[in-house]
Number of protein chains: 2
Amino acid sequence: MTKQRAVILEVIRSDMCHHTADEIFTLAKEKLPGISRATVYNNLKALESEKLIRRITGDALSDRYDNSYIPHGHMICEECGAIKDFNLSDFDSMISEAIGSDFSSYELKVRYTCEACRGVMRKDA
Amino acid sequence: MTKQRAVILEVIRSDMCHHTADEIFTLAKEKLPGISRATVYNNLKALESEKLIRRITGDALSDRYDNSYIPHGHMICEECGAIKDFNLSDFDSMISEAIGSDFSSYELKVRYTCEACRGVMRKDA
DNA sequence: AATAATTTTAGAATGAGTCTAAAAACCATT
DNA sequence: AATGGTTTTTAGACTCATTCTAAAATTATT
């Protein structure tokens, strides 16, 4: 656990946002000005294989990182892009049953319009 | 519906594979040698917004395309990379309930080891 | 047939992520 | 505290999927 890795983990844990590698790089640089982009990528990869964080792929141009490794759903507002976590009870056993085998992880993304954006749209109409 | 778009759709519908844009480009070129990469990308985007195909993001370096727009799960073997479709019954209503609202689409990817690869590993052990 | 609107094309541009080789930091042993 | 060996960091070059652009081709409209 180098000081770079500690700072990166701290950045990810400091709030509930799902940051991109680039955002993490910028935030880490505030605390460790000399840090390199490659170090951020190296450590994000290392932290994920240590199961301390989880990469969320395919929401936009760049991947994002979740401060929890435990699988859970992500609900993504199509208007404002905000990402929130959510859970489905008994989901693990449902999946196992459906695919007929154990699995190592899952990723569930639901696209919808969040309450705030629905409100805005209603006002506009 | 230009002849380029028809060929691209034909390629996607011709088998059950989840091809990358580049594979689709190569296959389309066999039927329409002059076709351009940009046309493939343009049409994949158009076809998805017409709800004729669905983009699968985040499995690897490049996106893949599914010949059905209807949301369903994808099970991805971590050993060989094969992608298979699967369905969970009543999943739509479960999600609605969990997120407390209607949604426009979802994406569910489960990472596991397929039967063939499990067999291979067993033999190796 | 003439004009306008859309699509295609080729290639340049973008940008997230990876790779590389050298410098720096770390660690265990004296 | 010096030694040597291993791991990590760094900066920048590189890759490669995807997007953008501007001109040419095609299609639709009058």
Side-chain angles (χ1 to χ4, degrees), chain A residues 1-12 17-66 74 76 78 81 83 107 109 111, chain B residues 1-12 17-66 74 76 78 81 83 107 109 111:
Chain A
M1 176 69 69
T2 63
K3 62 177 182 307
Q4 284 84 352
R5 179 171 308 186
V7 164
I8 289 166
L9 192 53
E10 195 186 323
V11 165
I12 295 171
C17 297
H18 302 84
H19 292 296
T20 62
D22 199 67
E23 287 164 4
I24 294 166
F25 173 55
T26 303
L27 291 166
K29 229 174 7 184
E30 288 172 12
K31 302 186 180 184
L32 219 57
I35 199 169
S36 147
R37 206 174 281 273
T39 301
V40 171
Y41 279 104
N42 287 345
N43 278 295
L44 288 174
K45 201 171 274 191
L47 286 167
E48 185 172 33
S49 68
E50 290 166 21
K51 300 184 195 300
L52 292 175
I53 64 175
R54 159 126 16 219
R55 193 207 307 220
I56 312 173
T57 60
D59 296 314
L61 317 86
S62 32
D63 294 342
R64 294 184 171 271
Y65 290 86
D66 195 311
H74 289 114
I76 301 161
E78 290 178 312
I83 304 181
E107 195 169 343
K109 286 179 294 196
R111 259 161 254 276
Chain B
M1 176 70 66
T2 63
K3 63 178 181 305
Q4 286 85 350
R5 179 171 307 187
V7 165
I8 290 165
L9 192 52
E10 196 186 321
V11 164
I12 295 171
C17 297
H18 303 83
H19 291 295
T20 62
D22 198 67
E23 288 164 4
I24 294 165
F25 172 56
T26 304
L27 291 166
K29 227 169 16 178
E30 288 171 14
K31 303 185 179 185
L32 219 56
I35 199 170
S36 145
R37 206 174 281 274
T39 301
V40 172
Y41 280 103
N42 288 345
N43 279 296
L44 289 173
K45 201 172 274 189
L47 288 167
E48 185 174 32
S49 68
E50 289 165 23
K51 301 185 195 299
L52 292 175
I53 64 174
R54 159 124 19 217
R55 194 208 303 222
I56 314 173
T57 60
D59 296 315
L61 315 87
S62 32
D63 293 342
R64 294 184 171 273
Y65 291 85
D66 196 310
H74 289 114
I76 301 160
E78 289 178 312
I83 303 181
E107 195 169 342
K109 286 178 294 197
R111 259 160 256 277

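All chains are named by letter (A, B, ...) in the order of the sequence lines, taking the proteins before the strands, and each is independently numbered beginning at 1. These numbers come from a predicted model, not from an experiment.
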Point to revise | B/Asp22 and B/Arg37: CA distance, side-chain angles, deciding distance, salt bridge (Lys or Arg N to Asp or Glu O under 4.0 Å) verdict | key: CA-CA 8 Å; B/Asp22 198 67; B/Arg37 206 174 281 274; 2.4 Å; yes
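- One N or O on the side chain of A/Glu23 and one on the backbone of A/Thr20 form a donor-acceptor pair closer than 3.5 Å.
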**Study point:** Test salt bridge (Lys or Arg N to Asp or Glu O under 4.0 Å) applied to B/Glu107 and A/Arg111, step by step
**Key:** CA-CA 8 Å; B/Glu107 195 169 342; A/Arg111 259 161 254 276; 3.7 Å; yes
Exercise for review: Going 5' to 3' through nucleotides 14-28 of chain C, assign each nucleotide B (protein heavy atom under 4.0 Å from a base atom), S (under 4.0 Å only from sugar-phosphate atoms) or - (no protein heavy atom that close).
Suggested key: --SBBB---------
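- Looking only at distances, no side-chain donor or acceptor of A/Lys45 sits under 3.5 Å from a matching main-chain atom of A/Val40.
- At D/dT26, none of the side-chain N or O atoms of B/Gln4 fall inside 4.0 Å of OP1 or OP2 (strictly under the cut-off).
- Dashed line: the shortest gap from a side-chain N or O of A/Thr39 to OP1 or OP2 of D/dT10 is under 4.0 Å.
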Point to revise | Evaluation steps, side-chain contact (heavy atoms from CB on, under 4.5 Å), between B/Asp63 and B/Ile56 | key: CA-CA 6 Å; B/Asp63 293 342; B/Ile56 314 173; over 6 Å; no
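- Atom CD1 of B/Ile35 and atom C1' of C/dT7 are 11 Å apart (whole Å).
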Review point. Could you go step by step and tell me if A/Glu50 and A/Arg5 meet the side-chain contact (heavy atoms from CB on, under 4.5 Å) rule?
Key: CA-CA 12 Å; A/Glu50 290 166 21; A/Arg5 179 171 308 186; 2.4 Å; yes
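- One can place CE of B/Met1 at 16 Å from C1' of D/dT26, the figure rounded to the nearest angstrom.
- Residue B/Leu32 contributes atom CG, which lies 13 Å from atom C1' of C/dT7 at whole-angstrom precision.
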